[in-house]
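Order of appearance sets the numbers: ligands from 1, and atoms from 1 within every ligand. What you are looking at is a predicted structure, and each value in this text was computed from that prediction instead of being measured.
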Amino acid sequence: MGIKNKDLLGLSSLTPDEIHLILETSESFKEVSGRQIKKVPALRGKTVVNLFFEPSTRTRTSFELAAKRLSADVINFSPSTSSIVKGETLLDTARNIESMQADIIVLRHSSPGAAETLSKGVRSSVINAGDGWHEHPTQALLDLFTIKERKKEIQGLTVAIVGDIAHSRVARSNIYALTKLGASVRVIAPPTMIPLHLDRLGVKIFSSLEEGLEGVDVIIMLRLQLERLGRALLPSIREYARLYCLTTTQLQRAKPDVMVMHPGPLNRGVEIAPDIADSQSAVILDQVANGVAVRMGLMYLLSGTGHE
Ligand code: CP
């Protein structure tokens, strides 16, 4: 069994079996990063191009490390020093890169749907590394991997996703994946940050942090997307923090062995108290470490070697 499509554009279209396959394949790559020589030849001779139109620390570095640990050649393409500034389109840029035999293009873009548009115009595999507020599938995959690592099973868990759901591609991808794998998902946010018809995705909606956290196994705190946020959605950042910042008091509502996650970057003191972010309950740096394994597993499967 393999992945049906040449691309990974989002998790809404993956089957539970495909998600499990990516997680299991990634597990086999995790130990590579613990070796003295962190390299396997799985993607030798392949070329991966990182095409990031938005800033990134974790995702871009992680894709680069993952590709290098698989022995691929990696190009980090910087739009600001490319002919994009002369007016070349995304598709023309990608087609030019592809003509130099790129096998995988990793795209981060501010427009929802950019990765899908690109995937229709090139033969290379396209991986969506975040497209506007739409999806961030590899973040959700590494979140699932981290939950499974600590809790063993995802089915039957209660997971709370807290914060700016409306602008969060991380929330959307996690909702699709967690519900497919049998978790019960709660979203906790001010009413202005809940998208219309969200209940159709099978989640329970709370506006009170205290009520929403009662008895949960996992908490995923979201970054307040200040760059995408309409000012009208919030009275003030301070007011938001007073109602939705995860503090020690709020955390006591959850199960004693709750795990606290955050995709990063953190706004310390806004959505998460610094002592919680640095506590034993938090797995934020485990998420980052697992991102490399998950991206190795995914690129291995998409490169076609997984089908051989
Ligand atoms: N989680 C995440 O996407 O972080 P970066 O924006 O730093 O890549």
Residue shell for ligand 1, any heavy atom closer than 4.0 Å, reads Ser56, Thr57, Arg58, Thr59, Arg108, His136, Gln139, Pro263, Gly264
Residues at least two apart in sequence or cross-chain that pass side-chain hydrogen bond (donor to acceptor under 3.5 Å, both in side chains) with Gln250, listed by chain then number, are Glu210
Tested for side chain to side chain donor-acceptor pair (under 3.5 Å) against Glu64, the lone hit among Asn50, Thr59, Asn76 is Asn76
- Task: Indicate yes or no: at least one non-hydrogen side-chain atom of Met261 is less than 4.5 angstrom from one of Thr146.
- Result: yes
query: Within 45° of the ring axis of Phe52 and under 6.0 Å from its six-membered ring centre, is that where the NZ or CZ of Arg108 lies?
result: no
Discussion item. Looking only at the side chains, is there a donor atom on one of Ser173 and Glu135 sitting less than 3.5 Å from an acceptor on the other?
Written reply: yes
Only residue of Leu8, Val48, Val74 satisfying side-chain contact (heavy atoms from CB on, under 4.5 Å) with Val106 is Val48
